[in-house]
Amino acid sequence: MVFTSLAQAVKAYGKMPHVWISGIFSALAILLTYYLAFTVSEVAGLAVMVIFFFAFPYILAGTYGVLIDNNKKKGAFKIYARYGFRRCLFPNILLVLLTWFLMNLATSLLLIFGVSPEMALYVSLFVVIPLVFFCYFADITAIRHNLTMGQAVKDSAKRVSAGSFSITAFYLMNIAVIFLASFFMSLVMSFVGFEALMPLTELTEKVLASMPLEELTALVLTPDVIFATVISLAVTALVFVPFFVSFKTYFFKRMLTV
């Protein structure tokens with residue numbers, strides 16, 4: 001089930017060109033956010049991020065519909081996107097708000113008990129993993145079955161609980177691809193930011209460890225390094241966001257037939 005969905009997701013790059021829309025949209029959002037934040041203001045960059053967040057469910061809904069029904073007809077993407085936008089938007093808003101609330105709550109409590117900020121952040125991430133785990137299919141099932149936000153979350157949790165082995169394999173595969181995406185980004189970064197990273201490569205670990213935090217931050221966060229990072233992130237999003245969207249869709253589609 002997982003490997004079949006994986007193979008379909010890879011083939012979709014060539015057979016279902018609509019999957020590229022999510023990657024293109026993500027890459028453009030990253031580049032535009034960077035451009036406006038550094039040339040206009042941070043508020044303008046933040047505004048683009050907010051617009052992206054509210055517009056992305058439109059892209060998701062269109063992609064979900066096209067892939068589930070294997071519909072390549074002209075105008076099909078727009079029809080699915082219009083129909084599923086609201087149904088896809090609200091579960092994602094709920095998930096983001098709950099994630100933000102739980103992470104901040106866990107972090108604050110851990111800081112009160114004297115836990116270091118870094119450790120508090122890591123622990124809070126593990127706190128929200130079950131939330132993402134059970135709510136991951138809420139948006140797509142809301143579209144497919146015309147469910148309200150609460151019904152979609154409940155249906156997603158029920159499906160995850162019912163398919164423990166296959167679901168676990170699915171999530172592990174996603175994690176594996178995340179590591180692959182990180183490796184891919186580092187390769188792009190080494191190519192795009194070769195000159196910007198040269199000063200860092202010439203320093204030993206001992207020297208880096210002994211440098212004051214302010215000096216190390218200034219060395220790492222140079223305009224050239226930031227630019228190379230943004231470009232690398234945009235390229236990685238262009239390549240891998242379509243995979244995660246299509247992999248989720250095909251896996252969910254197979255869940256419906258089990």
Side-chain angles (χ1 to χ4, degrees), residues 1-12 15-16 18-19 21-23 25-26 52-73 76-102 127-175 177-178 240-258:
M1 185 172 179
V2 173
F3 289 105
T4 302
S5 302
L6 176 67
Q8 288 179 307
V10 174
K11 292 178 181 178
K15 292 185 176 181
M16 302 293 291
H18 286 100
V19 301
I21 297 177
S22 60
F25 189 73
S26 300
F52 165 75
F53 172 76
F54 283 97
F56 194 59
Y58 182 88
I59 306 297
L60 285 177
T63 307
Y64 289 157
V66 168
L67 295 183
I68 288 177
D69 290 339
N70 195 30
N71 192 341
K72 300 180 182 180
K73 294 180 180 178
F77 181 90
K78 187 180 294 185
I79 293 173
Y80 288 120
R82 288 177 176 176
Y83 167 79
F85 170 65
R86 179 175 56 82
R87 295 168 178 82
C88 186
L89 175 64
F90 292 122
N92 282 305
I93 290 177
L94 176 65
L95 182 59
V96 169
L97 290 177
L98 286 176
T99 301
W100 176 83
F101 173 76
L102 289 176
V127 170
V128 301
I129 285 176
L131 175 66
V132 177
F133 185 83
F134 286 103
C135 298
Y136 192 63
F137 297 100
D139 57 351
I140 192 170
T141 195
I143 296 172
R144 187 61 178 176
H145 300 291
N146 191 23
L147 303 176
T148 63
M149 181 172 62
Q151 291 173 332
V153 171
K154 183 178 180 181
D155 184 78
S156 175
K158 182 179 178 181
R159 292 179 185 278
V160 171
S161 301
S164 57
F165 178 77
S166 59
I167 289 291
T168 301
F170 169 75
Y171 282 118
L172 290 176
M173 185 61 70
N174 275 280
I175 293 172
V177 177
I178 289 174
F240 282 92
V241 169
F243 171 81
F244 288 110
V245 174
S246 57
F247 185 38
K248 173 182 176 179
T249 306
Y250 284 121
F251 183 80
F252 177 79
K253 184 177 180 179
R254 297 189 69 82
M255 286 175 64
L256 298 177
T257 61
V258 175

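What you see below is based on every heavy atom in this structure, not just the backbone, and it leaves out hydrogens, waters and symmetry mates.
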One pair to check against side-chain contact (heavy atoms from CB on, under 4.5 Å): V160 and K158. What are the steps and the verdict? CA-CA 5 Å; V160 171; K158 182 179 178 181; over 6 Å; no
Looking at CG of L67 and NZ of K15, how far apart are the two atoms once the value is rounded to the nearest 0.5 Å? 12.5 Å
Tell me every residue that passes side chain to side chain donor-acceptor pair (under 3.5 Å) with D69, counting only those two or more places apart in sequence or in another chain. Y80, R144
Take F53 and V96 through the side-chain contact (heavy atoms from CB on, under 4.5 Å) test and state the conclusion after the steps. CA-CA 10 Å; F53 172 76; V96 169; 3.5 Å; yes
Can you tell me how far OG1 of T168 sits from CG of L172, rounded to the nearest 0.5 angstrom? 6.5 Å
Evaluate whether atom CZ of F133 has more than 12 neighbouring non-hydrogen atoms of other residues, nucleotides or ligands under 6.0 angstrom away. yes
Which pairs, with at least one residue in residues 80-98 and sequence neighbours excluded, count as a salt bridge (Lys or Arg N to Asp or Glu O under 4.0 Å)? none
With rounding to the nearest 0.5 Å, note down the distance linking CG in N92 to SG in C135. 10.5 Å
Exercise: identify the closest heavy-atom pair between A138 and A152: O-CB, 3.3 Å
Please, which pairs that meet salt bridge (Lys or Arg N to Asp or Glu O under 4.0 Å) have at least one residue in residues 91-100, sequence neighbours excluded? none
Residue set satisfying side chain to side chain contact (heavy atoms under 4.5 Å, CB included) with L102, at least two apart, ordered chain then number -> V128, L131
Please set out all donor-acceptor pairs under 3.5 angstrom arising from side-chain atoms of residues 59-66, sequence neighbours excluded.
unit_1	atom_1	unit_2	atom_2	d
T63	OG1	I59	O	2.8
Y64	OH	D139	OD2	3.0
Y64	OH	K248	NZ	3.1

Student check: side-chain heavy atoms of Y171 and I167 closer than 4.5 Å: yes
About how many Å separate CG of L94 and CG of L89, when rounded to the nearest 0.5 Å? 11.0 Å
Which label fits H145 and F252: parallel for a plane angle under 30°, tilted from 30 to 60°, or perpendicular past 60°? perpendicular
Any side-chain heavy-atom pair from Y58 and K78 closer than 4.5 angstrom? yes
Show the nearest heavy-atom pair for residues T99 and L95, with the distance to one decimal. OG1-O, 2.7 Å
Closest heavy-atom pair and its distance - S246, V19: CB-CG1, 4.2 Å
Could you measure the distance from the CZ atom of F56 to the SG atom of C88? Nearest 0.5 Å is fine. 8.5 Å
Side chain to side chain contact (heavy atoms under 4.5 Å, CB included) against V177, all qualifying residues, sequence neighbours excluded: F240, F243, F244
Quick check: closest heavy atoms across V245 and S22, and the distance to 0.1 Å? CG2-OG, 4.1 Å
Side chain to side chain contact (heavy atoms under 4.5 Å, CB included) partners for I129, two or more places apart: F126
Any idea which heavy atoms bring L6 and F247 closest together, and the distance? N-CE1, 3.5 Å
Who passes ring pair (Phe, Tyr, Trp, His ring centres under 6.0 Å) against F85, sequence neighbours left out? none
In chain order, what residues pass the side chain to side chain donor-acceptor pair (under 3.5 Å) check against T148, with sequence neighbours excluded? Q151
Any pair counted as salt bridge (Lys or Arg N to Asp or Glu O under 4.0 Å), so long as it reaches residues 89-101, sequence neighbours left out: none
Mind running side-chain contact (heavy atoms from CB on, under 4.5 Å) on V2 and Y250 for me, showing each step along the way? CA-CA 9 Å; V2 173; Y250 284 121; over 6 Å; no
What pairs with Y136 under side chain to side chain donor-acceptor pair (under 3.5 Å), at least two apart in sequence or on another chain? none
Roughly how far apart are T249 OG1 and I140 CD1, rounded to 0.5 Å? 4.0 Å
Would a 4.5 Å heavy-atom cut-off, applied to side chains only, mark P57 and F90 as touching? no
Tell me, please, which residues at least two apart from T141 pass side chain to side chain donor-acceptor pair (under 3.5 Å). D155
Set out, in order, the CA-CA distance, both residues' side-chain angles and the distance that settles side-chain contact (heavy atoms from CB on, under 4.5 Å) for F251 and T4, then state yes or no. CA-CA 8 Å; F251 183 80; T4 302; over 6 Å; no
